[in-house]
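What follows is a set of notes on a single structure, which appears directly below.
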Amino acid sequence: MLTAVTFLGLMGCHFVGASPPWPELAATPPMAWNGWLPTTRGLIPGYSNNETMYYAAADVLVDSGLRDAGYDTILVTCAGWQRDPTTHKLVESAILWPRGYKAYIDYLHARGLKIAAYGDTGEFNCCKTCANGQCWQEPGQLGHEELDIQTWADWGVDHIAIDNCDNPNSTAQSIFEYTRIRDALIKVNKPMIYGVWDVGSGKSWAWAPDVGHYWRTGPDLGTRWGDDGTMSIMLNYDLQQAIPSVSTLSGPGSFAFLDNLAVGLPADVPHKGDTGLTLTEAHTHFALWCIMSSPLILNHNIFPGAGAVDPNVTKLIMNKEAIAINQDPLGKTAVRIDGSRTWNSLEHRLPLQPPETMWGNGEQLAKPLANGDVAVLLFNRLATPIDIVLNFEDIGNTSLRCWNVRDIWAGEDVGRQNLTFTATAVPPHGCRFLRLSKGEICASAPPPPPAVCPSGYTQHTGGYWQNTDPCNGTFIRCKEDTPSSMAACAARCDSSPDCVAFNFYVGGTDGTGSACYIYHGHMEAPFVSNTNCATCTKKTV
């Protein structure tokens, strides 16, 4: 039977139903650390996937300052869930969690941290867990939604991240299963952030904003730049850019999620063949997630000591100015602005254009902020350095053409910029991450200094000769395009037969000129006043 939900899903329409419960829980994008790759890929030397590692991770988050930077949640993935054969309740593996999952949650809360539990819409989740020589596929929530939500609520879980490894990945099936979990949350009535980790094949953008507090928009992120169709930073970015009106779907209460961050991950993680990111690429990657208002979920080894990441990566993910843009209370998602108003067309965006045509002036994104500032990201998709020119007319209010510019990664103010800003020599896959403030209509340029006629000439008080037609009978006008000074213009008159006067136009604030007009024979009206011009007539003896 074709239900209304199924029909809407098949049509790819925005699902109209109850909003996510407790939208205030996700007033800004959630921030967390996910233990998935560090534990399942052995990224933390000396630790395994068990409670010892997770207790230590809680201490690291606090002691390193990551908690205070905003990463206040630990997502326990592949926790070793089992299902009690009698009660059918979720239970933790006594081998992996000898003190119990509830005791760990209490420890986190005591340290000012939150817990996120991992689950799945299907009968099983994505994790095959092994302990003491025994391996099992962990159970999902299908058919036990309310029971499992109640179990998590009794333990004090703050946040759930629900995958879809074990379902057909159709839109209709995704809507059905994820909505059942939302409804179970409402019935149990324990506030929890609800992450919809549908991998994108179920068109989550069409229905998930009404179901969960954040929702995946693409596949598992590859630790590589991309632009070749592989699972990568650029693939997930392009997929989200292709979502119709994503900037209107994502916002406070329900955010589009570009996937876990890939900063700090080594090559071949999570996918064989992943090249890893350079520090330059990591800066662009993190800036993209910040300006797109994606949840910031770390997925690398945060531990000090052996296997620790480059300290510059830690500095990057703790940058207060970048995080402030991600966490801005207005909650807007950035939109692409390159050429949106100033170019005659966007033909360079048509399919099959060469990269130099499509991205020759970079990718440009802008995000309005709550205090009236604008965050701007200019990044280079090409393999060679480029200059990227930002025209302030493109960022929205076309009357605000002058801005104070701050470079976030450099941590310095660039200064007041009028009309445009040029990011010079942006390296391949690099960026300039900017915050524009105090936008206004550009102040008028100061008037040039008054012109004073040189010796041998007197000021013509009637103004300057208005007739600017080319050589006209006996009233021949000669023009010298770029005279260096009024004296140069006077010398031109002195050397010209029958010159009776000259008109000098002051074009620069330093008194330099931009035009010199020579009058032959005599002068005639009309004359007009202009403070930038001086008409000097020869003195008669």
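Because the structure is predicted, anything quoted here is derived from the model rather than measured.
- Contact check for Leu75 versus Tyr118: side-chain heavy atoms found under the 4.5 Å cut-off.
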Which is it for Val246 and Gln240 under the side-chain contact (heavy atoms from CB on, under 4.5 Å) test, yes or no, and what are the steps along the way?
-> CA-CA 7 Å; Val246 65; Gln240 182 158 316; 4.1 Å; yes
Given salt bridge (charged side-chain N to carboxylate O under 4.0 Å, His left out), test Asp59 with Arg111 step by step and report yes or no.
-> CA-CA 8 Å; Asp59 296 337; Arg111 303 227 63 186; 2.7 Å; yes
Verify side-chain contact (heavy atoms from CB on, under 4.5 Å) between Val196 and Ile162, making sure each step is shown before the conclusion.
-> CA-CA 6 Å; Val196 175; Ile162 305 300; over 6 Å; no
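- Looking at heavy atoms from C-beta onward, Ile395 lies in side-chain contact with Leu436 at the 4.5 angstrom threshold.
- Under the 3.5 Å distance criterion, the side-chain polar atoms of Thr40 are matched with a main-chain donor or acceptor of Trp36.
- The distance between the ring centers of Trp33 and Tyr71 does not fall below 6.0 angstrom.
- Within the model, atoms CD1 of Ile243 and CG of Leu249 stand 7.5 Å from one another, a figure rounded to the nearest 0.5 Å.
- With a 4.5 Å cut-off on side-chain heavy atoms, Cys442 and Leu419 count as touching.
- Annotation: side chain to side chain contact (heavy atoms under 4.5 Å, CB included) contacts of Gln327 (sequence neighbours excluded): Thr28, Pro29, Met31, Ile323.
- Residue Ile291 comes nearest to Ile325 through the heavy atom pair CA-CG2, 4.3 Å, listed as atom of the first residue, atom of the second, then distance.
- Leu288 places none of its side-chain heavy atoms less than 4.5 Å from the side chain of Leu258.
- Of the options Trp197, Trp215, Tyr194, a ring pair (Phe, Tyr, Trp, His ring centres under 6.0 Å) to Phe257 is made by Trp197 and by none of the others.
- Checked by atom type and distance alone, the side chain of Asn236 pairs as donor or acceptor with a backbone atom of Pro219 at under 3.5 Å.
- Side-chain contact check for Leu61 versus Leu113: some heavy-atom pair is nearer than 4.5 Å.
- Formation of a donor-acceptor pair under 3.5 Å by the Asn301 side chain with backbone atoms of Gly307 is found in this model.
- Within the 4.5 Å cutoff, no side-chain heavy atoms of Lys114 are placed close to those of Ile74.
- Take Cys493 and apply the disulfide bond (SG atoms under 2.5 Å apart) test, not counting sequence neighbours, and it matches Cys499.
- Rounding to the nearest 0.5 angstrom, the gap separating the OG atom in Ser232 from the CG atom in Asp238 is 8.0 Å.
- Within the structure, the ring-ring contact (aromatic ring centres under 6.0 Å, His included) test picks out the following pairs touching residues 218-252 (sequence neighbours left out): Trp225-His429, Tyr237-Phe379.
- Within the model, atoms CG of Leu377 and CE of Met292 stand 10.0 Å from one another, a figure rounded to the nearest 0.5 Å.
- In this structure a side-chain-to-backbone donor-acceptor pair under 3.5 Å is missing from Ser245 to Thr248.
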Take Cys126 and Cys78 through the test disulfide (SG to SG under 2.5 Å) and record every step on the way to the result.
-> CA-CA 8 Å; Cys126 301; Cys78 301; over 6 Å; no
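- Residues meeting the side chain to side chain donor-acceptor pair (under 3.5 Å) test with Ser495, sequence neighbours left out: none.
- A distance-only check finds no donor-acceptor pair linking the side chain of Asp413 to the backbone of Arg406 [under 3.5 Å].
- Trp207 places a side-chain N or O within 3.5 Å of a backbone atom of Lys203 that can act as its donor or acceptor partner.
- A donor-acceptor pair shorter than 3.5 Å cannot be found between the side chains of Lys332 and Ser293.
- Between Asn380 and Pro427, the closest heavy-atom pair is ND2-O, 3.2 Å.
- Ile386 and Trp359 get closest at one heavy-atom pair: CD1-O, 3.7 Å.
- Once rounded to the nearest 0.5 Å, the distance linking CH2 of Trp289 with CG of Leu296 reads 10.0 Å.
- When atom types are taken as modelled, the side chain of Ser254 and the backbone of Gly212 share a donor-acceptor pair closer than 3.5 angstrom.
- Distance check: Ile44 CD1 to Leu37 CG gives 10.5 Å after rounding to the nearest 0.5 Å.
- The six-membered or imidazole ring of Phe502 lies near that of Tyr457, with a centre-to-centre distance under 6.0 Å.
- Counting heavy-atom neighbours within 6.0 Å of Tyr47 OH, excluding the residue itself, gives a total of 12 or less.
- For Thr333 (side chain) and Ser247 (main-chain N/O), no donor-acceptor pair under 3.5 Å exists by modelled atom type.
- Leu400 contributes atom CG, which lies 8.5 Å from atom CD of Glu440 (distance to the nearest 0.5 angstrom).
- Identified under the salt bridge (Lys or Arg N to Asp or Glu O under 4.0 Å) test for residues 241-261, with sequence neighbours left out: Arg216-Asp259.
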Evaluate the criterion side-chain contact (heavy atoms from CB on, under 4.5 Å) for residue pair Asn260 and Leu298; output intermediate values, then yes/no.
-> CA-CA 6 Å; Asn260 297 301; Leu298 305 174; over 6 Å; no
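- Closest approach of Arg224 and Thr275 over heavy atoms only: CB-OG1, 3.5 Å.
- No side-chain donor-acceptor contact under 3.5 Å links Asn361 and Asp338.
- Here the shortest heavy-atom pairing between Asp268 and Gly273 reads OD1-N, 2.8 Å.
- By the 4.0 Å N-to-carboxylate-O rule, Asp72 lies too far from Arg67 to be salt-bridged with it.
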How far apart are the C-alpha atoms of Val376 and Leu390, what are their side-chain angles, what is the distance that settles it, and do they pass the side-chain contact (heavy atoms from CB on, under 4.5 Å) test?
-> CA-CA 9 Å; Val376 173; Leu390 166 68; 4.0 Å; yes
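- Between the side chains of Ser174 and Asp198, at least one donor-acceptor pair of N or O atoms lies under 3.5 Å.
- Between Arg381 and Glu356 no salt bridge is recorded (no basic side-chain N to carboxylate O distance below 4.0 Å).
- Nearest heavy-atom pair across Pro270 and Thr223 is CD-OG1, 3.3 Å.
- Side-chain contact between Asp274 and Leu265: absent, with no pair of heavy atoms (C-beta onward) separated by less than 4.5 Å.
- Checked by atom type and distance alone, the side chain of Asn326 pairs as donor or acceptor with a backbone atom of Ser294 at under 3.5 Å.
- Every side chain to side chain contact (heavy atoms under 4.5 Å, CB included) that Ala306 has, sequence neighbours left out, goes to Pro45.
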Please step through salt bridge (charged side-chain N to carboxylate O under 4.0 Å, His left out) for the pair Glu321 and Arg435, ending with a clear verdict.
-> CA-CA 9 Å; Glu321 295 184 59; Arg435 184 167 183 141; over 6 Å; no
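- Formation of a donor-acceptor pair under 3.5 Å by the Asp387 side chain with backbone atoms of Ala425 is found in this model.
- The closest side-chain heavy-atom distance from Thr284 to Arg432 is not below 4.5 Å.
- Ring pair Tyr214/His159 is perpendicular by interplanar angle, where above 60° counts as perpendicular and below 30° as parallel.
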